[in-house]
Amino acid sequence: MKFIDEYQNSELARKVAQRIANRSTKPIRLMEFCGGHTHAIMRYGIRQLVPKTVEMRSGPGCPVCVTATSDLDKAIALAHLPGVIITTFGDIMRVPGSYSSLQRAKAEGADVRVVYSTMDAVEIAQANPRKSVIFIGIGFETTAPTIAASIIKALKEGVENFYVLSLLKLTPPVMKALLDLGEVKLDGIIGPGHVSVIIGSYPYEFIPRNYGIACVISGFEPLDILLCIDKLVEQIESGEPRVEIAYRRGVKPQGNKKALELLNEVFEIDSANWRGMGIVPQSGLKVNQKYQHFDADKAFSGLLRSARNDKPAKEPEGCRCGDILRGVATPLECKLFGKVCTPEKPIGPCMVSSEGACAAYYQFCGLEGTNGGM
Ligand code: SF4
């Protein structure tokens, strides 16, 4: 197949679904790591297309959702500092922190601006030399190279009032942490397509080797995902788990060398705080020493300490986003889903984000969690 509409062909999709049904002889559980996959699975009714033996769970692959409340509180506190402009991608605006949100901070007078690229944030810094412009860096390996490029640009062009609060996270370490927790038994993982374009397939080799779990990297069209599930079922049925790429038009085993060089030039690996998982060692990226001038954590830690009161971070009451991100629960198991918590009045990040599992269930499946399929 060459064209995107071929990957959306419902007749072909049904044929692949039938092949999966023919192969699948025992109950298995698969996790799609990536929030983009969760949305595609719900949108195209893929859970209804595959046989009942194949159970699907969402994982921690929504960058907005996994941002810890305490990190969000820090971003909100930065927004309230005098002379600061916060720049960020849109989704995070509405995510509730412990006591406020970036959207509320903006309504209260803070200068918070939504940007569509990190380069826009650098331009805002250039246009406002008397202000400190902080970009809230949320995302995975996919986003990190573009943020790195913006920092390099700021250095080259002498933009000294540009900063990044790096809340960037790494995929393989959190997969390992999740598997080590062992809370949910998995037979296979649908590997994230966009992240793998950057890091390639080699970093997932530990999954079959150490845990005996199949891992197939998928694209985001319905046929991509069905072909990925087909390969996973084949591996699981044959008892030969391995890492495979079912997204050859996007992913090479070695990843994208240029993007990785950018990432490694500016960032170094550090621990990160994940919603639902807590601190996971070696699972985040912070600005390295060479570029430390641009590190908002370093530049504003003193000001933040004196401006913030010491109220502890708290999670929204009754919200099960943490359990959903660990694959322990589905959105339908949250008592607030669709009643108290809706996209118009979200309680937790999984209902806010365009990649959140609760938003996907609500948008495509309603309160019963079913979708008629392709
Ligand atoms: Fe949290 Fe709302 Fe999802 Fe429940 S439905 S887990 S409250 S985001």
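Worth knowing before you read on, the calculation uses all heavy atoms, side chains too, and leaves out hydrogens, waters and symmetry mates. Every number for a ligand or one of its atoms is a count from 1 in the order of the listing.
Listed by chain and number, the residues in a side chain to side chain donor-acceptor pair (under 3.5 Å) with T88 amount to none (sequence neighbours excluded). The side chain to side chain donor-acceptor pair (under 3.5 Å) test applied to Y163 returns no partner, not counting sequence neighbours.
Looking only at side-chain heavy atoms (C-beta outward), L30 and L186 stay at 4.5 Å or farther from each other.
The heavy-atom pair separating P241 from P208 by the smallest distance is O-CB, 3.5 Å.
Protein contacts to atom 3 (Fe) of ligand 1 involving N, O or S atoms at a distance below 2.8 Å are C358 SG.
A centroid separation of 6.0 Å or more is found between the aromatic rings of H39 and F220.
Annotation: disulfide (SG to SG under 2.5 Å) contacts involving residues 156-257, sequence neighbours excluded, are absent.
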